[in-house]
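As structure tokens, the structure follows; a few thoughts come after it.
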Protein chains: 2
Amino acid sequence: MISKKCLYALKAVLALARHQGAGPMTIQQIADAQEIPARFLEAILRDLKQNGFTESIRGKEGGYILARPAREIRMGDIITCLEGPWYTPGPDTDVFSTIWEEADRVLTGVVNQIDFQSLLKREDELRFSHTPDYSI
Amino acid sequence: MISKKCLYALKAVLALARHQGAGPMTIQQIADAQEIPARFLEAILRDLKQNGFTESIRGKEGGYILARPAREIRMGDIITCLEGPWYTPGPDTDVFSTIWEEADRVLTGVVNQIDFQSLLKREDELRFSHTPDYSI
DNA sequence: GACAATCCCTACTAAATCAATAGGGATAGT
DNA sequence: ACTATCCCTATTGATTTAGTAGGGATTGTC
């Protein structure tokens with residue numbers, strides 16, 4: 001399965017996407033909102049920054065923002081950034097190589113179809129469908 | 001990526017598939033043929049046996065055979081047996097859950113389409129296409 | 001019945017990876 | 001100056017991976 005680190009990264013980007021246009025979010029805010037250990041999140045956000053997904057503002061009133069619109073960041077981008085490629089073709093091919101390639105292809109296909117704008121929308125729909133209706 | 005243990009299991013089953021009908025193969029034979037540490041392979045074969053993929057014959061002239069025809073064993077069966085499920089749905093669903101489910105679905109789809117009879121055929125074709133032609 | 005080749009079972013270990021935590025340094029707004 | 005923020009390196013404990021070790025049980029052959 002996906003590592004916690006990677007899941008934290010996805011959640012952090014999602015939080016930043018929701019906050020986009022409202023100034024920077026501090027590490028602590030993101031950590032609180034998504035239940036991520038703050039010191040761990042710090043390293044993750046630095047990683048995301050180095051790969052061009054986030055930008056940071058230092059000093060007081062500082063924090064993190066997305067470097068690009070949520071629409072232009074795909075789940076697959078973040079996953080590849082944190083986990084590296086799922087399968088790397090080696091020099092010698094056996095019967096299984098082509099199958100790992102196929103698996104990689106379909107997996108990439110799934111996560112690259114989803115950008116963070118659509119994740120926000122999905123999240124809203126999920127919240128809507130899960131809100132219990134207490135009316136009589 | 002896939003663990004070495006799982007890859008060894010796949011290779012072992014493939015070796016047994018190729019040997020099917022020609023009596024049992026010893027652990028050592030499989031280990032030599034597929035370049036797997038014999039003591040490690042021992043544990044893997046036991047695991048495969050407990051899950052009904054292989055059978056063993058003890059004593060001299062003993063060894064391992066496939067418990068079913070190669071056609072009836074799929075790659076996905078072996079992988080699930082060794083690695084467990086890639087994703088297990090938890091009690092609480094978030095935006096990502098449905099995506100992991102979809103990823104699991106497509107991945108399972110790929111490896112469950114391939115049985116070991118077709119792997120043998122693929123291997124033969126690969127060997128054919130890779131044999132260098134030294135004729136003038 | 002002795003012997004040798006095989007599978008069977010439990011326990012142990014070394015290395016790598018995962019999931020953080022710790023301690024300070026640099027920067028910027030007030 | 002003070003404080004809230006990000007920045008960087010190093011360290012740690014737990015878990016998983018990839019084996020290894022030592023012996024026990026079974027069965028065919030002489």
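Keep in mind that the numbers below use all heavy atoms, side chains included, and drop hydrogens, waters and symmetry copies. Not measured: the values here are computed from a predicted model. Convention: sequence-line order gives letters A, B, ...; per-chain numbering from 1.
Among the atoms of the strands shown, only primed sugar atoms or phosphate atoms (P, OP1, OP2) are found under 4.0 Å from some heavy atom of A:Ile57.
Distances were taken from every side-chain heavy atom of A:Ser3 (C-beta onward) to each of D:dT20, C:dA19, C:dA5; the shortest belongs to C:dA19. Comparing D:dA4, D:dT20, C:dT27 by their closest approach to the side chain of A:Arg58 singles out C:dT27. Comparing C:dA20, C:dC8, D:dG28 against the side chain of B:Glu42 picks out C:dC8 as the nearest.
In this structure, A:Tyr8 reaches the C:dA20 phosphate: one of its side-chain N or O atoms is under 4.0 Å from OP1 or OP2. At D:dT5, none of the side-chain N or O atoms of A:Ser56 fall inside 4.0 Å of OP1 or OP2 (strictly under the cut-off). Contact annotation: B:Lys49 does not reach the phosphate of C:dC7 (side-chain N/O to OP1 or OP2, under 4.0 Å). Neither OP1 nor OP2 of D:dA4 sits under 4.0 Å from any side-chain N or O of A:Thr26. B:Tyr64 has a side-chain polar atom (N or O) that falls below the 4.0 Å cut-off from OP1 or OP2 of C:dC8.
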Check against side chain to side chain contact (heavy atoms under 4.5 Å, CB included), B:Met75 and B:Leu10
CA-CA 7 Å; B:Met75 268 189 76; B:Leu10 292 169; 4.1 Å; yes
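We find that CG of A:Asp47 is positioned 13 Å from C1' of D:dC8, with the value rounded to whole Å. Following rounding to the nearest Å, A:Gln28 (CD) and D:dC6 (C1') show an atom-to-atom distance of 13 Å. In this structure, A:Met25 places its CE atom 15 Å from C1' of D:dC6, rounding to the nearest Å. Computed from coordinates, the A:Leu45 CG to D:dC7 P distance equals 9 Å when rounded to whole Å. Rounded to whole angstrom, the span from the NZ atom of B:Lys5 across to the C1' atom of D:dT15 amounts to 15 Å. As a whole-Å value, the separation of A:Leu7 CG from C:dC18 C1' is 14 Å. Taking atom CD1 of A:Ile44 as the reference point, atom C1' of C:dC18 lies 11 Å away to the nearest angstrom. Remark: C1' of C:dT17 and CE of B:Met1 are 16 Å apart, rounded to the nearest angstrom.
The base of C:dC7 is not paired with the side chain of B:Glu55 by any donor and acceptor separated by under 3.5 Å.
Here A:Glu123 pairs with A:Arg127 in a salt bridge; the nearest charged N to carboxylate O distance falls below 4.0 Å.
Using a distance-only test at 3.5 Å, with no hydrogens or angles considered, no donor-acceptor pair links the side chain of B:Thr80 to the main chain of B:Asp77. No donor-acceptor pair closer than 3.5 Å links the side chain of A:Asn51 to the backbone N or O of A:Phe53.
When the side chains of ILVMFWY residues are joined at heavy-atom separations under 4.5 Å, either directly or via intervening members, B:Ile2 and B:Leu41 end up in a single hydrophobic cluster.
Checking A:Gln50 against A:Lys60, the closest nucleotide of DNA chain D that is more toward the 5' end is the one next to A:Lys60. For B:Glu83 and B:Arg39, each mapped to the nucleotide of DNA chain D holding its nearest heavy atom, the one lying further toward the 5' end belongs to B:Glu83. In terms of position along DNA chain C, the nucleotide closest to B:Glu61 lies nearer the 5' end than the nucleotide closest to the other residue of the pair B:Glu61 and A:Glu61.
Side-chain atoms of B:Thr54 and B:Lys49 form no donor-acceptor pair, as typed in the model, at a separation below 3.5 Å.
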